[in-house]
Amino acid sequence: MLTVRAPATSANLGSGFDVFGVALGTPADVVRVKRAPETTITITGAGSQYIPEDPEQNTVGAVADALDAPAHIKIDKGVRPSSGLGSSAASAAAAAVALNALYDRGLSREELVPVAAEGEALVSGEAHADNVAPSLLGGFTVVTDDGVSQVDARIPVVACLPETTVSTRDARGVVPDTASLEDVVDTVGNAATLTVGMTRDDPELVGRGMEDAIVTPERTALIDGYDQVRDAALEAGATGVTVSGAGPGVLAVCHRSDQRAIAGAMVDAFDSAGIESRAYQTHIGEGARLYRD
Ligand SMILES: Nc1ncnc2c1ncn2[C@@H]1O[C@H](COP(=O)(O)OP(=O)(O)OP(=O)(O)O)[C@@H](O)[C@H]1O
Ligand SMILES: N[C@@H](CCO)C(=O)O
């Protein structure tokens with residue numbers, strides 16, 4: 001039996017749609033695997049009642065298929081599905097690391113990125129790797145058609161999850177097909193600023209670089225209370241605020257000393273909009289970790 005803990009992630013960071021991602025210290029999924037003639041899946045934990053145990057419909061089933069590694073797979077969900085914290089990706093990343101070790105496939109973490117992304121193709125229709133890459137590698141990741149770059153950033157964040165859901169498939173449906181050159185130029189500038197900020201562990205640069213006028217405004221319209229939550233977080237000291245992944249989670253970047261006040265302000269603002277929420281006070285953290293029982 002092998003056990004892997006794989007972290008929640010926040011994709012896009014505003015200016016890096018389908019490219020940027022970060023691993024979070026908490027929450028995380030824990031996946032246990034044992035060799036078997038056929039893949040079976042059991043699920044417990046956060047939102048488990050909404051997740052199919054059929055291997056044909058679960059991201060870990062797609063990973064087991066891709067690695068030709070059938071197993072009894074137990075998933076303990078720490079990352080609630082459809083919340084914007086890469087729930088489906090955390091399970092897929094954990095399964096990729098666990099099954100790679102269980103069957104001695106010898107693939108590196110980088111080589112496991114496209115394998116785990118097969119799970120994302122199953123649930124969202126596209127094999128975007130911006131959640132599985134940070135869950136596998138940790139830190140800040142940049143995913144392109146040519147591969148993955150990674151920086152061991154460590155910056156405080158608050159991830160606030162309302163008790164509502166947005167499916168990634170639906171949120172991809174509102175992404176515009178075109179953008180003006182002016183918006184593209186602004187977004188490239190912001191993405192570059194954010195990347196410099198990650199290399200320097202600088203919350204000011206990262207926060208400023210999260211601004212995006214192309215995809216984010218379309219998505220915030222799907223999140224009740226977003227504008228109030230963003231304003232409240234900025235007022236409490238956040239250096240930048242954006243939609244986490246496809247939403248409805250909201251990610252704030254900050255200095256450590258402001259984290260508690262920002263978490264409280266975001267939960268209060270959702271509450272004023274009549275929506276319960278939970279805030280994780282965490283930081284950009286490490287990737288999936290393997291334990292041999
Ligand atoms: N192992 C799994 N864990 C979580 N969700 C899964 C899993 N396998 C399949 N799913 C399905 O994937 C969907 C959730 O994925 P979705 O991409 O919408 O959310 P997310 O991964 O939490 O968010 P995001 O990608 O925006 O951060 C749900 O329909 C769920 O049933
Ligand atoms: N880049 C993806 C991440 C969510 O899974 C999106 O925003 O649709």
Side-chain angles (χ1 to χ4, degrees), residues 7-27 83-86 130-131 133-135 138-142 150-162 186-217 219-220 223 225-270 277-287:
T9 51
S10 184
N12 304 330
L13 303 171
S15 58
F17 177 68
D18 273 1
V19 174
F20 291 164
V22 287
L24 303 181
T26 54
S83 63
L85 285 193
D130 51 350
N131 287 110
S135 194
F140 166 64
T141 55
V142 177
Q150 190 267 6
V151 173
D152 271 332
R154 198 175 168 91
I155 289 180
V157 300
V158 177
C160 189
L161 305 191
D186 283 349
T187 304
V188 170
N190 290 337
T193 301
L194 185 150
T195 304
V196 172
M198 289 291 184
T199 64
R200 294 183 187 166
D201 278 339
D202 182 337
E204 300 289 340
L205 284 183
V206 170
R208 201 191 317 153
M210 293 199 310
E211 286 302 313
D212 154 55
I214 300 174
V215 177
T216 310
R219 289 214 165 148
T220 57
I223 305 171
Y226 178 84
D227 289 340
Q228 297 95 303
V229 172
R230 182 175 196 272
D231 290 349
L234 291 172
E235 179 94 352
T239 57
V241 180
T242 193
V243 178
S244 182
V250 181
L251 185 79
V253 172
C254 59
H255 294 279
R256 173 75 190 86
S257 53
D258 296 323
Q259 207 171 26
R260 194 176 146 83
I262 292 166
M266 293 172 88
V267 169
D268 285 350
F270 266 127
S277 66
R278 169 173 187 179
Y280 292 93
Q281 296 177 52
T282 184
H283 51 81
I284 300 176
E286 64 173 17

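Keep in mind it's a predicted model, so treat the numbers as computed, not measured.
- D258 approaches A236 most closely through the heavy-atom pair CB-O, 3.9 Å.
- Side-chain contact between N190 and D212 is absent, with no heavy-atom pair separated by less than 4.5 Å.
- Remark: the backbone N or O of G25 is paired with a side-chain donor or acceptor of T282 at under 3.5 angstrom.
- Taking every heavy atom of both residues into account, T9 and A23 meet most closely at CG2-CA, 4.0 Å.
- A pairwise comparison of heavy atoms in F270 and P248 identifies CZ-O, 4.5 Å as the closest pair.
- Expressed to the nearest 0.5 Å, how far OG1 of T199 lies from CG of D152 amounts to 12.5 Å.
- If you take CG on L161 and CG on L251, they are separated by 10.0 Å, rounding to the nearest 0.5 Å.
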(Q) For V241 and Y226: C-alpha separation, side-chain torsions, deciding distance, then whether side chain to side chain contact (heavy atoms under 4.5 Å, CB included) applies. (A) CA-CA 10 Å; V241 180; Y226 178 84; 4.3 Å; yes
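- Remark: the backbone N or O of P7 is paired with a side-chain donor or acceptor of S135 at under 3.5 angstrom.
- Between the D130 side chain and the A11 main chain, no donor and acceptor come within less than 3.5 Å of each other.
- Listed for the Q150 side chain is a donor-acceptor partner under 3.5 Å among the backbone atoms of G138.
- The backbone N or O of V22 lies less than 3.5 Å from no partner atom in the side chain of S10, so there is not a single donor-acceptor pair.
- Going from atom CD of Q228 over to atom CD of E235 covers 13.5 Å, rounded to the nearest 0.5 Å.
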Q) Run the side chain to side chain contact (heavy atoms under 4.5 Å, CB included) check on F140 and T195 step by step: do they pass? A) CA-CA 9 Å; F140 166 64; T195 304; 4.1 Å; yes
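- V142 places a side-chain heavy atom less than 4.5 Å from the side chain of F20.
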Q | From CA spacing to verdict: side chain to side chain contact (heavy atoms under 4.5 Å, CB included), N12, T242 | A | CA-CA 9 Å; N12 304 330; T242 193; over 6 Å; no
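- Contact of the T216 side chain with the F17 side chain is not registered, since no non-hydrogen atoms from C-beta on lie closer than 4.5 Å.
- Note that the CG atom of D202 and the CZ atom of R208 stand 8.0 Å from one another [nearest 0.5 Å].
- Inter-residue side-chain proximity for T239 and V206 is flagged as unmet; no heavy-atom pair is nearer than 4.5 Å.
- The minimum heavy-atom distance linking G139 with P134 is given by the pair O-CB, 4.1 Å.
- Rounding to the nearest 0.5 angstrom, the gap separating the CE atom in M198 from the OG1 atom in T141 is 9.0 Å.
- Taking OG1 from T193 and CE from M210, the interatomic distance works out to 12.5 Å, rounded to the nearest 0.5 Å.
- In terms of heavy-atom proximity, P156 sits nearest to H255 at CG-C, 4.1 Å.
- Nearest heavy atom pair, residue Q259 against residue Q281, reads NE2-C, 3.6 Å.
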